[in-house]
Structure formats: structure tokens, C-alpha cells
Amino acid sequence: GAVVSQHPSWVICKSGTSVKIECRSLDFQATTMFWYRQFPKQSLMLMATSNEGSKATYEQGVEKDKFLINHASLTLSTLTVTSAHPEDSSFYICSASPRTVNQPQHFGDGTRLSIL
Amino acid sequence: AQKITQTQPGMFVQEKEAVTLDCTYDTSDPSYGLFWYKQPSSGEMIFLIYQGSYDQQNATEGRYSLNFQKARKSANLVISASQLGDSAMYFCAMREGNNQGGKLIFGQGTELSVKP
């Protein structure tokens, strides 16, 4: 089945640093990938839609300059949290869907980000 | 306006019994897809079952079935013969349109606890 790999699984870093999270579709091509954020005991909130070869589409309220998304190939999207602060600490999870119509989105295992 | 609503923050079920998790949705698009995902405490999102808006029959996948009532705009998940490993968060999600690249909108989630 379709597999999405997300790396790293855990990140702990100091306030002010930038953190890059990778999302790869391992056995299919994904022109579109999605990035979500999830706080404990809450639902997944869509942050942005990552489009291969073009700019990402951000949801309302998501800072474009804070959360940089790059989708340079059909199998890789990256999310960079720039100048991270403690309030950016969260669970970030990506997803991608094979091109076949009505295929479910497949999720990476998520990244737990802790900013000290 | 909330498009996906899960009104049960938490549910308990006895092992081996069946349980129904509620989900209602709202959309004006005649073409849409409904999904259920399971999220264990480890965080990964596990796809369970899919129902298309034009599907005539309720979807079933092993112990999971989807009680799709289109007129009532509900898509309840039924888990039969509950197992201890079913304890997790469960999310209902909707994708509008028939575009495989369409984003998912998630409900608030229901935390299911299976009692031995």
C-alpha cells in the first residue's frame, strides 16, 4: 500500500532555531501534499496545501513566513518552522494522496516538536 | 461553520461489544467523500474506511462499517466485537469534490476506551 514517510519523529531544540520536517511519498507520486498541526487531545488542523512546482496554499491564520513549505519534487515536501518559539511546540503531520481518484490520504507518522 | 461534527468527546465500550461513533457533516457539494481514521496514542493516523457520496451501499471493512444516511448527513462508524487495541482517538473527515487532491476537513474526534 501507499506509504508516506515523515522525518524526524521527534525534535527538541532551543527557541530561535529553525526546524525542517520532511515528508516523502515512498511508492507513489504526489502532486499535492498536506501539512497539519495537532495540539494534545484536539483535532488535526490543516495548515497548508503543498503543491509540487508551485507555491503552497496556506489556510487562514497560518503565517507563511513562519511555516515555509517547499515541494520541489513529486515525492518530497518540506515544512520549515522558522525562528521557532515555545508556542510552536506541537505535533505536525503530513499526508499525501495517490493520483487515483478516491484514494484515501496516507499520513506520515508525525513529528513531535518541542521548543525549549 | 463547522462542516464535520463529532458530538461524543469520549466513549466507553465493553470488550467484545459493538460501538457506534457519531459523525454528521454539512456540504453543498453533491460529490464528496467521507473517511474515518484511527489515531492511537503513538500519533499515527490509520485509515479505516471510506464512503463516497454516490455509493449506494454502506461501506464495510472487516469489523468496521459505516452507517451512511445521506438525507440526514450522517456517517456513523460502527465497530463490532470491540478489542482492547481499539482504544484510540477516532476522527471523521470529509473531502469535498471528486478531486483526489482535495483537502480533508476533520471532526473534533472521539476518544474510545475499551474496557476488559
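What you see is a predicted model, and the numbers here were worked out from it, not measured in a lab. Proteins get letters first, then strands, A, B, ... in listed order; numbering begins at 1 in each.
- A:Met45 CE: 12 or fewer foreign heavy atoms inside a 6.0 Å radius.
- Using the six-membered ring where Trp is involved, A:Phe107 and B:Phe106 have ring planes that are perpendicular, over 60° apart on the 30 and 60° scheme.
- B:Phe68 and B:Tyr32 have perpendicular rings, their planes meeting at more than 60° on a 0 to 90° scale where under 30° would count as parallel.
- Between chain A and the options B:Ala93, B:Gly43, B:Pro9, B:Gly109, heavy-atom pairs under 4.5 Å are most frequent for B:Gly43.
- Contact of the A:Ser90 side chain with the A:Leu113 side chain is not registered, since no non-hydrogen atoms from C-beta on lie closer than 4.5 Å.
- Looking at A:Gln6, neither its backbone nor its side chain comes within 4.5 Å of chain B, counting heavy atoms on both sides.
- Using a 4.5 Å cut-off between heavy atoms, B:Ser41 contacts chain A through its backbone alone, with no side-chain atom that close.
- With a threshold of 4.5 angstrom between heavy atoms, B:Gln39 approaches chain A through side-chain atoms but not through N, CA, C or O.
- Proximity to chain B (any heavy atom under 4.5 Å) is shown, for A:Leu44, by both the backbone and the side chain.
- B:Phe91 does not carry B:Lys38 over the face of its six-membered ring by the limits of under 6.0 Å from the centre and within 45° of the normal.
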